[in-house]
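None of the values given here were measured: they were computed from a predicted structure. Quick note on labels: first sequence line is chain A, next is B, and so on, each numbered from 1. What's counted below: heavy atoms across the whole structure, side chains too, no hydrogens, waters or symmetry copies.
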Amino acid sequence: MSRFFIYIQKIYTTRYLWWNLALSDLRSKFRRSVLGMSWAVLQPLALTLLFTFVLGRIFDVNGSDYAPYVFSGIIVWEFIVSSANVGCHALLLAEGYIKQCTHPLAIYSLRIVCVALINLLLGFAGFILWVMLIKPGNIGWTWLSLLLSFPLIILLVWPLALITSFIGARFRDFSQLIVIVMQAVWYISPVFFQPEMFQRANISFLVDYNPIYHILNLIRMPTLYGEWPDMINLIYTVGTALVLWILAAILIIRQERKMIFYL
Amino acid sequence: MSNFIELKNVNLYYSCLAYRETSIKAFVCKLLGFKQRPKTEDVHALKNVSLKVNAGERVGLIGHNGAGKSTLLKTIASLYPITTGEVNVSGDIRALFELSLGFELEATGRENILYRGLLLGKKPHEMRELQQEIIDFADIGELIDYPIKTYSAGMMVRLAFAISTAVSGEILLLDEVIGAGDSDFMVKAKKRIYSLIDNAKILVLTSHDMSAIRNMCNRVVVVNHGEIVFDGGVENAIKEYAKLGQVAYHTEG
(Lines give C-alpha, C1' and ligand atoms only; values in the text may rest on other atoms or scores of the structure.)
Protein backbone atom coordinates (compact mmCIF):
# COMPACT_ATOMS: atom_id res chain seq x y z
CA MET A 1 0.00 0.00 0.00
CA SER A 2 2.80 2.41 0.85
CA ARG A 3 4.27 1.79 -2.61
CA PHE A 4 0.96 2.89 -4.06
CA PHE A 5 1.04 6.18 -2.17
CA ILE A 6 4.67 6.80 -3.08
CA TYR A 7 3.74 6.31 -6.73
CA ILE A 8 0.87 8.79 -6.48
CA GLN A 9 3.09 11.22 -4.63
CA LYS A 10 5.76 10.99 -7.32
CA ILE A 11 3.17 11.83 -9.96
CA TYR A 12 2.33 14.90 -7.93
CA THR A 13 5.93 15.99 -7.38
CA THR A 14 6.66 15.70 -11.10
CA ARG A 15 3.60 17.83 -11.97
CA TYR A 16 5.69 20.66 -13.42
CA LEU A 17 7.38 18.23 -15.77
CA TRP A 18 4.32 16.52 -17.29
CA TRP A 19 2.30 19.69 -17.43
CA ASN A 20 5.04 21.65 -19.21
CA LEU A 21 5.67 18.79 -21.61
CA ALA A 22 1.96 18.80 -22.42
CA LEU A 23 2.08 22.54 -23.07
CA SER A 24 5.12 21.95 -25.24
CA ASP A 25 3.20 19.37 -27.27
CA LEU A 26 0.36 21.85 -27.73
CA ARG A 27 2.73 24.58 -28.80
CA SER A 28 4.47 22.40 -31.35
CA LYS A 29 1.09 21.22 -32.62
CA PHE A 30 0.00 24.78 -33.38
CA ARG A 31 3.41 26.23 -34.22
CA ARG A 32 3.39 28.01 -37.56
CA SER A 33 -0.37 27.51 -37.84
CA VAL A 34 -2.35 30.63 -38.71
CA LEU A 35 -5.56 29.68 -36.94
CA GLY A 36 -3.75 28.04 -34.03
CA MET A 37 -5.89 26.96 -31.11
CA SER A 38 -9.14 27.74 -32.91
CA TRP A 39 -8.62 24.48 -34.80
CA ALA A 40 -9.85 22.77 -31.64
CA VAL A 41 -13.29 24.17 -32.51
CA LEU A 42 -13.02 24.45 -36.28
CA GLN A 43 -12.06 20.84 -36.91
CA PRO A 44 -15.00 19.22 -35.08
CA LEU A 45 -17.26 21.93 -36.47
CA ALA A 46 -16.34 21.06 -40.04
CA LEU A 47 -16.99 17.36 -39.36
CA THR A 48 -20.27 18.25 -37.70
CA LEU A 49 -21.45 20.21 -40.72
CA LEU A 50 -20.56 17.31 -42.97
CA PHE A 51 -22.34 14.70 -40.86
CA THR A 52 -25.34 16.91 -40.30
CA PHE A 53 -25.69 17.56 -43.99
CA VAL A 54 -25.32 13.95 -45.10
CA LEU A 55 -26.80 11.94 -42.23
CA GLY A 56 -29.39 14.57 -41.44
CA ARG A 57 -30.76 14.07 -44.94
CA ILE A 58 -30.44 10.29 -44.92
CA PHE A 59 -32.17 9.84 -41.58
CA ASP A 60 -34.37 12.87 -41.97
CA VAL A 61 -33.56 14.50 -38.63
CA ASN A 62 -33.89 18.10 -37.60
CA GLY A 63 -30.55 19.77 -38.36
CA SER A 64 -30.59 22.39 -35.63
CA ASP A 65 -30.99 19.69 -32.97
CA TYR A 66 -28.79 17.17 -34.66
CA ALA A 67 -25.77 19.41 -35.25
CA PRO A 68 -24.95 20.15 -31.57
CA TYR A 69 -25.58 16.46 -30.84
CA VAL A 70 -22.95 15.48 -33.37
CA PHE A 71 -20.55 18.18 -32.21
CA SER A 72 -20.73 17.07 -28.56
CA GLY A 73 -20.10 13.51 -29.66
CA ILE A 74 -17.13 14.37 -31.80
CA ILE A 75 -15.26 16.47 -29.23
CA VAL A 76 -15.62 13.89 -26.45
CA TRP A 77 -14.82 11.03 -28.81
CA GLU A 78 -11.77 12.87 -30.08
CA PHE A 79 -10.55 13.18 -26.49
CA ILE A 80 -10.86 9.46 -25.93
CA VAL A 81 -9.49 8.31 -29.26
CA SER A 82 -6.52 10.66 -29.43
CA SER A 83 -5.54 9.73 -25.86
CA ALA A 84 -5.61 6.07 -26.82
CA ASN A 85 -3.90 6.44 -30.20
CA VAL A 86 -1.23 8.95 -29.25
CA GLY A 87 -0.89 7.13 -25.94
CA CYS A 88 0.69 4.22 -27.87
CA HIS A 89 3.71 6.40 -28.51
CA ALA A 90 3.82 8.02 -25.07
CA LEU A 91 6.69 5.95 -23.70
CA LEU A 92 8.56 5.84 -27.00
CA LEU A 93 8.47 9.64 -27.18
CA ALA A 94 9.71 9.82 -23.61
CA GLU A 95 12.61 7.41 -24.16
CA GLY A 96 15.20 10.09 -23.46
CA TYR A 97 13.59 10.91 -20.14
CA ILE A 98 12.99 7.34 -19.08
CA LYS A 99 16.64 6.44 -19.69
CA GLN A 100 17.82 9.24 -17.45
CA CYS A 101 15.37 9.47 -14.58
CA THR A 102 13.17 7.12 -12.61
CA HIS A 103 9.95 9.09 -12.71
CA PRO A 104 6.70 7.09 -12.74
CA LEU A 105 5.86 6.02 -16.28
CA ALA A 106 2.24 7.03 -15.72
CA ILE A 107 3.21 10.69 -16.14
CA TYR A 108 4.06 10.17 -19.80
CA SER A 109 0.55 9.00 -20.64
CA LEU A 110 -0.83 11.75 -18.42
CA ARG A 111 1.04 14.24 -20.60
CA ILE A 112 -0.78 12.91 -23.66
CA VAL A 113 -4.12 13.03 -21.86
CA CYS A 114 -3.50 16.65 -20.84
CA VAL A 115 -2.94 17.67 -24.44
CA ALA A 116 -6.16 15.96 -25.52
CA LEU A 117 -7.98 17.44 -22.54
CA ILE A 118 -7.04 21.01 -23.40
CA ASN A 119 -8.26 20.31 -26.91
CA LEU A 120 -11.52 18.98 -25.47
CA LEU A 121 -12.01 21.95 -23.17
CA LEU A 122 -11.54 24.41 -26.04
CA GLY A 123 -14.06 22.51 -28.13
CA PHE A 124 -16.39 22.26 -25.15
CA ALA A 125 -16.25 26.03 -24.58
CA GLY A 126 -17.40 26.50 -28.15
CA PHE A 127 -20.10 23.88 -27.64
CA ILE A 128 -21.44 25.55 -24.48
CA LEU A 129 -21.65 28.91 -26.24
CA TRP A 130 -23.56 27.28 -29.06
CA VAL A 131 -26.01 25.55 -26.69
CA MET A 132 -26.56 28.73 -24.71
CA LEU A 133 -27.47 30.52 -27.91
CA ILE A 134 -29.88 27.98 -29.35
CA LYS A 135 -31.24 26.40 -26.16
CA PRO A 136 -31.06 28.94 -23.35
CA GLY A 137 -33.80 27.01 -21.56
CA ASN A 138 -31.36 24.17 -20.87
CA ILE A 139 -29.16 26.27 -18.60
CA GLY A 140 -29.77 25.15 -15.05
CA TRP A 141 -28.68 23.19 -12.01
CA THR A 142 -28.24 20.05 -14.07
CA TRP A 143 -25.08 21.60 -15.52
CA LEU A 144 -23.46 21.12 -12.12
CA SER A 145 -23.27 17.41 -12.95
CA LEU A 146 -20.54 18.33 -15.45
CA LEU A 147 -18.28 19.13 -12.51
CA LEU A 148 -18.39 15.45 -11.64
CA SER A 149 -18.59 14.12 -15.19
CA PHE A 150 -15.43 15.76 -16.49
CA PRO A 151 -13.11 14.45 -13.74
CA LEU A 152 -14.73 11.03 -14.16
CA ILE A 153 -14.09 10.99 -17.89
CA ILE A 154 -10.49 12.08 -17.34
CA LEU A 155 -10.07 9.30 -14.78
CA LEU A 156 -11.38 6.87 -17.37
CA VAL A 157 -9.21 8.05 -20.24
CA TRP A 158 -5.93 8.27 -18.34
CA PRO A 159 -5.70 4.53 -17.54
CA LEU A 160 -6.72 3.83 -21.13
CA ALA A 161 -3.79 5.89 -22.40
CA LEU A 162 -1.55 4.29 -19.79
CA ILE A 163 -2.47 0.81 -20.98
CA THR A 164 -1.88 1.68 -24.63
CA SER A 165 1.44 3.35 -23.73
CA PHE A 166 2.75 0.16 -22.12
CA ILE A 167 1.47 -2.17 -24.82
CA GLY A 168 2.55 0.24 -27.56
CA ALA A 169 6.13 0.25 -26.31
CA ARG A 170 6.22 -3.52 -25.94
CA PHE A 171 4.51 -4.45 -29.22
CA ARG A 172 5.14 -1.96 -31.96
CA ASP A 173 2.25 -3.32 -34.07
CA PHE A 174 -0.16 -2.18 -31.45
CA SER A 175 -0.30 1.41 -32.63
CA GLN A 176 -1.60 0.23 -36.02
CA LEU A 177 -4.06 -2.14 -34.43
CA ILE A 178 -5.57 0.36 -32.01
CA VAL A 179 -6.45 2.75 -34.84
CA ILE A 180 -8.57 0.05 -36.44
CA VAL A 181 -10.14 -0.95 -33.15
CA MET A 182 -11.03 2.63 -32.28
CA GLN A 183 -12.41 3.16 -35.77
CA ALA A 184 -14.67 0.14 -35.25
CA VAL A 185 -15.84 1.42 -31.87
CA TRP A 186 -16.64 4.77 -33.45
CA TYR A 187 -19.02 3.16 -35.93
CA ILE A 188 -20.91 1.16 -33.32
CA SER A 189 -21.17 4.08 -30.90
CA PRO A 190 -23.71 6.88 -30.87
CA VAL A 191 -21.06 9.51 -31.54
CA PHE A 192 -22.86 10.83 -34.60
CA PHE A 193 -25.64 8.23 -34.87
CA GLN A 194 -28.55 8.79 -32.52
CA PRO A 195 -29.65 5.98 -30.18
CA GLU A 196 -33.03 5.89 -31.95
CA MET A 197 -31.29 4.95 -35.17
CA PHE A 198 -29.81 1.90 -33.44
CA GLN A 199 -33.25 1.03 -32.02
CA ARG A 200 -34.91 1.24 -35.42
CA ALA A 201 -32.28 -1.13 -36.76
CA ASN A 202 -32.84 -3.55 -33.85
CA ILE A 203 -29.25 -3.25 -32.68
CA SER A 204 -29.90 -1.19 -29.58
CA PHE A 205 -27.68 -3.54 -27.53
CA LEU A 206 -24.78 -1.77 -29.23
CA VAL A 207 -25.85 1.33 -27.38
CA ASP A 208 -27.10 -0.07 -24.09
CA TYR A 209 -23.92 -1.93 -23.19
CA ASN A 210 -21.56 0.56 -24.78
CA PRO A 211 -19.56 2.64 -22.30
CA ILE A 212 -19.08 5.31 -24.96
CA TYR A 213 -22.84 5.90 -25.04
CA HIS A 214 -22.97 6.34 -21.30
CA ILE A 215 -19.94 8.62 -21.22
CA LEU A 216 -21.44 10.79 -23.94
CA ASN A 217 -24.74 10.90 -22.10
CA LEU A 218 -23.04 12.35 -19.03
CA ILE A 219 -22.18 15.36 -21.18
CA ARG A 220 -25.25 15.43 -23.41
CA MET A 221 -28.09 15.08 -20.90
CA PRO A 222 -27.53 18.38 -19.08
CA THR A 223 -26.35 20.43 -22.05
CA LEU A 224 -28.62 19.22 -24.86
CA TYR A 225 -31.75 18.29 -22.88
CA GLY A 226 -31.41 20.18 -19.59
CA GLU A 227 -31.74 16.94 -17.63
CA TRP A 228 -29.65 15.10 -15.06
CA PRO A 229 -27.77 12.12 -16.48
CA ASP A 230 -29.22 8.71 -15.63
CA MET A 231 -27.75 6.71 -12.80
CA ILE A 232 -26.95 3.94 -15.27
CA ASN A 233 -24.72 6.37 -17.22
CA LEU A 234 -22.77 7.07 -14.07
CA ILE A 235 -22.51 3.40 -13.14
CA TYR A 236 -21.21 2.41 -16.58
CA THR A 237 -18.63 5.19 -16.60
CA VAL A 238 -17.34 4.46 -13.10
CA GLY A 239 -17.35 0.74 -13.84
CA THR A 240 -15.35 1.16 -17.04
CA ALA A 241 -12.88 3.43 -15.27
CA LEU A 242 -12.43 0.86 -12.50
CA VAL A 243 -11.80 -1.97 -14.95
CA LEU A 244 -9.25 0.15 -16.83
CA TRP A 245 -7.51 1.15 -13.60
CA ILE A 246 -7.23 -2.46 -12.52
CA LEU A 247 -5.60 -3.37 -15.84
CA ALA A 248 -3.34 -0.31 -15.61
CA ALA A 249 -2.34 -1.19 -12.05
CA ILE A 250 -1.43 -4.73 -13.11
CA LEU A 251 0.77 -3.32 -15.89
CA ILE A 252 2.44 -0.86 -13.53
CA ILE A 253 3.14 -3.49 -10.90
CA ARG A 254 4.40 -6.15 -13.28
CA GLN A 255 5.96 -4.23 -16.16
CA GLU A 256 6.88 -0.68 -15.12
CA ARG A 257 10.50 -1.41 -14.17
CA LYS A 258 11.10 -3.61 -17.22
CA MET A 259 9.84 -1.11 -19.77
CA ILE A 260 13.29 0.49 -20.05
CA PHE A 261 14.47 -2.67 -21.84
CA TYR A 262 11.87 -2.28 -24.56
CA LEU A 263 12.71 1.29 -25.49
CA MET B 1 22.32 11.22 7.35
CA SER B 2 25.52 10.35 5.56
CA ASN B 3 25.49 9.43 1.92
CA PHE B 4 26.31 5.97 0.71
CA ILE B 5 25.76 3.50 -2.10
CA GLU B 6 25.34 -0.13 -1.25
CA LEU B 7 24.89 -3.02 -3.63
CA LYS B 8 24.39 -6.46 -2.12
CA ASN B 9 24.72 -9.55 -4.32
CA VAL B 10 23.13 -7.84 -7.26
CA ASN B 11 22.25 -9.93 -10.29
CA LEU B 12 20.80 -8.32 -13.36
CA TYR B 13 19.46 -10.09 -16.40
CA TYR B 14 18.58 -8.18 -19.53
CA SER B 15 15.32 -9.66 -20.63
CA CYS B 16 15.86 -11.43 -23.94
CA LEU B 17 12.26 -10.61 -24.84
CA ALA B 18 13.39 -7.11 -25.54
CA TYR B 19 15.67 -8.22 -28.33
CA ARG B 20 13.66 -11.01 -29.81
CA GLU B 21 11.40 -10.17 -32.67
CA THR B 22 8.08 -9.33 -31.07
CA SER B 23 6.10 -8.48 -34.14
CA ILE B 24 2.88 -10.08 -35.21
CA LYS B 25 4.83 -11.73 -38.01
CA ALA B 26 6.98 -13.57 -35.49
CA PHE B 27 3.92 -14.48 -33.51
CA VAL B 28 2.12 -15.93 -36.53
CA CYS B 29 5.24 -17.84 -37.58
CA LYS B 30 5.36 -19.34 -34.13
CA LEU B 31 1.71 -20.34 -34.33
CA LEU B 32 2.22 -22.00 -37.69
CA GLY B 33 5.31 -23.74 -36.39
CA PHE B 34 7.74 -22.26 -38.87
CA LYS B 35 11.41 -22.45 -38.14
CA GLN B 36 12.46 -19.76 -35.75
CA ARG B 37 15.75 -18.13 -35.18
CA PRO B 38 17.63 -19.76 -32.32
CA LYS B 39 16.25 -18.73 -28.99
CA THR B 40 18.13 -15.90 -27.38
CA GLU B 41 19.02 -16.33 -23.76
CA ASP B 42 18.63 -13.71 -21.09
CA VAL B 43 21.85 -11.76 -20.81
CA HIS B 44 23.42 -12.03 -17.38
CA ALA B 45 24.69 -8.46 -17.27
CA LEU B 46 25.70 -8.17 -13.63
CA LYS B 47 26.89 -11.24 -11.76
CA ASN B 48 26.62 -11.20 -8.00
CA VAL B 49 27.94 -7.69 -7.64
CA SER B 50 28.49 -6.30 -4.16
CA LEU B 51 29.85 -2.83 -3.67
CA LYS B 52 29.83 -0.32 -0.87
CA VAL B 53 30.77 3.29 -1.52
CA ASN B 54 30.94 5.73 1.36
CA ALA B 55 30.85 9.50 1.48
CA GLY B 56 34.09 11.07 0.30
CA GLU B 57 34.97 8.31 -2.13
CA ARG B 58 35.66 9.01 -5.79
CA VAL B 59 35.21 5.74 -7.62
CA GLY B 60 36.25 5.04 -11.19
CA LEU B 61 34.77 2.11 -13.07
CA ILE B 62 37.04 0.70 -15.73
CA GLY B 63 36.73 -2.26 -18.05
CA HIS B 64 36.43 -3.18 -21.69
CA ASN B 65 33.49 -2.17 -23.83
CA GLY B 66 30.50 -4.22 -22.83
CA ALA B 67 32.04 -5.27 -19.52
CA GLY B 68 29.10 -3.86 -17.59
CA LYS B 69 30.39 -0.46 -16.43
CA SER B 70 27.45 1.54 -17.68
CA THR B 71 25.03 -1.14 -16.57
CA LEU B 72 26.50 -0.96 -13.10
CA LEU B 73 26.18 2.81 -13.09
CA LYS B 74 22.58 2.67 -14.24
CA THR B 75 21.81 0.05 -11.63
CA ILE B 76 23.14 2.41 -8.97
CA ALA B 77 20.81 5.06 -10.41
CA SER B 78 17.94 2.54 -9.95
CA LEU B 79 17.13 2.66 -13.64
CA TYR B 80 17.31 -1.10 -14.10
CA PRO B 81 15.14 -3.68 -12.37
CA ILE B 82 17.62 -6.01 -10.71
CA THR B 83 16.73 -9.68 -10.71
CA THR B 84 18.05 -10.50 -7.26
CA GLY B 85 19.92 -8.64 -4.57
CA GLU B 86 19.58 -5.22 -3.05
CA VAL B 87 20.43 -1.68 -4.05
CA ASN B 88 20.40 0.94 -1.31
CA VAL B 89 21.32 4.51 -2.07
CA SER B 90 21.17 7.37 0.38
CA GLY B 91 21.45 10.80 -1.19
CA ASP B 92 20.34 12.85 -4.16
CA ILE B 93 21.54 11.29 -7.39
CA ARG B 94 22.70 13.48 -10.23
CA ALA B 95 23.30 11.26 -13.23
CA LEU B 96 24.84 12.31 -16.50
CA PHE B 97 23.91 9.56 -18.93
CA GLU B 98 23.00 9.64 -22.61
CA LEU B 99 23.34 13.39 -22.62
CA SER B 100 22.01 14.15 -26.06
CA LEU B 101 18.83 12.17 -25.38
CA GLY B 102 15.76 13.76 -23.91
CA PHE B 103 15.19 16.90 -25.93
CA GLU B 104 11.90 18.08 -27.34
CA LEU B 105 13.12 18.66 -30.88
CA GLU B 106 10.30 20.99 -31.87
CA ALA B 107 10.75 23.21 -28.83
CA THR B 108 13.34 25.96 -28.55
CA GLY B 109 16.58 25.70 -26.61
CA ARG B 110 15.18 27.99 -23.96
CA GLU B 111 12.10 25.80 -23.49
CA ASN B 112 14.27 22.72 -23.34
CA ILE B 113 16.31 24.22 -20.54
CA LEU B 114 13.09 24.39 -18.56
CA TYR B 115 11.99 20.84 -19.44
CA ARG B 116 15.32 19.22 -18.61
CA GLY B 117 15.53 21.17 -15.39
CA LEU B 118 12.08 19.93 -14.42
CA LEU B 119 13.13 16.42 -15.39
CA LEU B 120 15.99 16.74 -12.91
CA GLY B 121 13.52 17.73 -10.22
CA LYS B 122 13.87 21.52 -10.26
CA LYS B 123 10.97 23.95 -10.07
CA PRO B 124 10.12 26.36 -12.92
CA HIS B 125 11.23 29.49 -11.04
CA GLU B 126 14.56 27.88 -10.12
CA MET B 127 15.20 27.11 -13.77
CA ARG B 128 14.38 30.66 -14.81
CA GLU B 129 17.10 31.84 -12.45
CA LEU B 130 19.63 29.38 -13.86
CA GLN B 131 18.65 29.99 -17.46
CA GLN B 132 21.05 32.76 -18.46
CA GLU B 133 24.00 31.06 -16.83
CA ILE B 134 23.24 27.87 -18.76
CA ILE B 135 22.92 29.71 -22.07
CA ASP B 136 26.25 31.46 -21.49
CA PHE B 137 28.02 28.28 -20.52
CA ALA B 138 26.70 26.28 -23.47
CA ASP B 139 27.64 29.20 -25.73
CA ILE B 140 24.52 28.80 -27.87
CA GLY B 141 24.02 32.52 -28.54
CA GLU B 142 20.91 33.71 -30.29
CA LEU B 143 20.08 30.22 -31.51
CA ILE B 144 18.69 29.58 -28.03
CA ASP B 145 15.29 30.78 -29.27
CA TYR B 146 15.32 28.44 -32.28
CA PRO B 147 13.98 24.87 -32.20
CA ILE B 148 16.47 22.30 -30.98
CA LYS B 149 16.18 20.39 -34.25
CA THR B 150 18.16 23.17 -35.95
CA TYR B 151 21.13 22.58 -33.62
CA SER B 152 24.27 20.67 -34.52
CA ALA B 153 25.04 17.52 -32.55
CA GLY B 154 27.81 19.33 -30.70
CA MET B 155 25.51 22.16 -29.68
CA MET B 156 22.97 19.69 -28.34
CA VAL B 157 25.57 17.95 -26.22
CA ARG B 158 26.87 21.29 -24.96
CA LEU B 159 23.40 22.46 -23.98
CA ALA B 160 22.57 19.15 -22.34
CA PHE B 161 25.83 19.22 -20.44
CA ALA B 162 25.29 22.81 -19.33
CA ILE B 163 21.80 22.07 -18.01
CA SER B 164 22.62 18.79 -16.33
CA THR B 165 25.68 20.19 -14.61
CA ALA B 166 23.98 23.41 -13.49
CA VAL B 167 22.25 21.45 -10.77
CA SER B 168 24.52 19.71 -8.31
CA GLY B 169 23.74 16.57 -6.37
CA GLU B 170 25.15 14.60 -3.49
CA ILE B 171 25.90 11.56 -5.58
CA LEU B 172 27.33 12.22 -9.00
CA LEU B 173 27.24 9.49 -11.65
CA LEU B 174 29.12 10.18 -14.87
CA ASP B 175 29.05 7.88 -17.86
CA GLU B 176 31.88 8.79 -20.24
CA VAL B 177 30.92 12.42 -19.99
CA ILE B 178 34.45 13.70 -20.22
CA GLY B 179 35.04 14.07 -23.91
CA ALA B 180 31.88 15.94 -24.85
CA GLY B 181 32.09 18.82 -27.28
CA ASP B 182 35.01 20.51 -29.03
CA SER B 183 38.36 21.26 -27.46
CA ASP B 184 37.50 24.78 -26.28
CA PHE B 185 34.41 23.46 -24.61
CA MET B 186 36.34 20.52 -23.16
CA VAL B 187 38.46 22.84 -21.05
CA LYS B 188 35.39 24.57 -19.65
CA ALA B 189 33.57 21.28 -19.19
CA LYS B 190 36.45 19.74 -17.27
CA LYS B 191 36.57 22.70 -14.93
CA ARG B 192 32.85 22.39 -14.37
CA ILE B 193 33.04 18.67 -13.72
CA TYR B 194 35.81 19.22 -11.18
CA SER B 195 33.76 21.80 -9.31
CA LEU B 196 30.76 19.44 -9.38
CA ILE B 197 32.97 16.67 -8.03
CA ASP B 198 34.18 18.97 -5.28
CA ASN B 199 30.60 19.64 -4.24
CA ALA B 200 29.43 16.04 -4.50
CA LYS B 201 29.78 13.68 -1.59
CA ILE B 202 30.23 10.65 -3.81
CA LEU B 203 31.44 10.32 -7.37
CA VAL B 204 31.17 7.25 -9.55
CA LEU B 205 32.37 7.56 -13.12
CA THR B 206 33.20 5.35 -16.04
CA SER B 207 35.99 6.24 -18.39
CA HIS B 208 38.53 4.81 -20.77
CA ASP B 209 40.78 7.76 -20.14
CA MET B 210 43.27 6.57 -17.52
CA SER B 211 44.67 10.04 -16.90
CA ALA B 212 41.16 11.26 -16.05
CA ILE B 213 40.78 8.30 -13.71
CA ARG B 214 44.14 9.10 -12.07
CA ASN B 215 43.13 12.75 -11.69
CA MET B 216 39.68 12.28 -10.29
CA CYS B 217 39.47 9.00 -8.44
CA ASN B 218 40.80 7.65 -5.18
CA ARG B 219 39.38 4.18 -5.72
CA VAL B 220 38.95 2.13 -8.85
CA VAL B 221 36.73 -0.85 -9.59
CA VAL B 222 37.62 -3.08 -12.53
CA VAL B 223 34.63 -4.70 -14.20
CA ASN B 224 34.92 -7.67 -16.52
CA HIS B 225 32.07 -9.74 -17.98
CA GLY B 226 29.60 -8.33 -15.47
CA GLU B 227 31.75 -9.11 -12.45
CA ILE B 228 33.89 -6.98 -10.21
CA VAL B 229 37.38 -8.43 -10.63
CA PHE B 230 39.31 -5.83 -8.71
CA ASP B 231 38.46 -3.13 -6.19
CA GLY B 232 41.11 -0.96 -4.63
CA GLY B 233 43.79 1.66 -5.23
CA VAL B 234 44.07 3.49 -8.49
CA GLU B 235 47.51 2.32 -9.68
CA ASN B 236 46.95 -1.32 -8.77
CA ALA B 237 43.59 -1.27 -10.52
CA ILE B 238 45.06 0.16 -13.69
CA LYS B 239 47.74 -2.56 -13.65
CA GLU B 240 45.03 -5.16 -13.14
CA TYR B 241 43.06 -3.72 -16.04
CA ALA B 242 46.15 -3.84 -18.24
CA LYS B 243 46.59 -7.52 -17.37
CA LEU B 244 43.01 -8.22 -18.46
CA GLY B 245 43.88 -6.75 -21.82
CA GLN B 246 46.94 -8.97 -22.14
CA VAL B 247 45.01 -12.10 -21.25
CA ALA B 248 42.41 -11.27 -23.81
CA TYR B 249 45.15 -10.52 -26.33
CA HIS B 250 46.92 -13.82 -25.65
CA THR B 251 43.81 -15.95 -25.83
CA GLU B 252 42.72 -14.25 -29.00
CA GLY B 253 46.19 -14.47 -30.47
Could you tell me whether H208(B) atom NE2 has more than 12 heavy atoms of other residues or ligands within 6.0 Å of it? yes

Chain A-proximal positions within residues 120-128 of chain B [heavy-atom distance under 4.5 Å]: L120(B), K123(B), P124(B)

Residue part contacting chain B, namely of T14(A), when any heavy atom lies under 4.5 Å: neither

My understanding is that only residues two or more places apart in sequence, or in another chain, count here; which of them pass side chain to side chain donor-acceptor pair (under 3.5 Å) with N20(A)? none

Quick one: which of K258(A), R257(A), E95(A) has the most heavy-atom pairs under 4.5 Å with chain B, could you say? R257(A)

Supply the atom-to-atom distance L114(B) CG to L17(A) CG, rounded to the nearest 0.5 angstrom. 9.0 Å

Verify the neighbour count for atom CH2 of W39(A): are there more than 12 heavy atoms of other residues, nucleotides or ligands below 6.0 Å? no

One option among A95(B), S164(B), G102(B) has the most heavy-atom pairs under 4.5 Å with chain A, and it is G102(B)

Side-chain contact, heavy-atom cut-off 4.5 Å: L96(B) with Q100(A)? no

Find the one option among L101(B), L119(B), L118(B) whose heavy-atom pairs under 4.5 Å with chain A are most numerous. L119(B)

Using side chain to side chain donor-acceptor pair (under 3.5 Å) as the criterion, list what pairs up with Q132(B), not counting sequence neighbours. D136(B)

Is it the backbone or the side chain of L263(A) that comes under 4.5 Å from a heavy atom of chain B, or both, or neither? neither

Are there residues of residues 74-87 of chain B whose heavy atoms fall under 4.5 Å of chain A's heavy atoms? If so, which? A77(B), S78(B), L79(B), Y80(B), P81(B)

Check the pair E104(B) / Y97(A) against side-chain contact (heavy atoms from CB on, under 4.5 Å), numbers first and verdict last. CA-CA 10 Å; E104(B) 294 297 314; Y97(A) 305 126; 2.7 Å; yes

For a quick test of reading the model, state the closest non-hydrogen atom pair linking F97(B) to K99(A) and the distance between them. CD1-O, 4.2 Å

Salt bridge present between R27(A) and E111(B) (N-O < 4.0 angstrom): yes

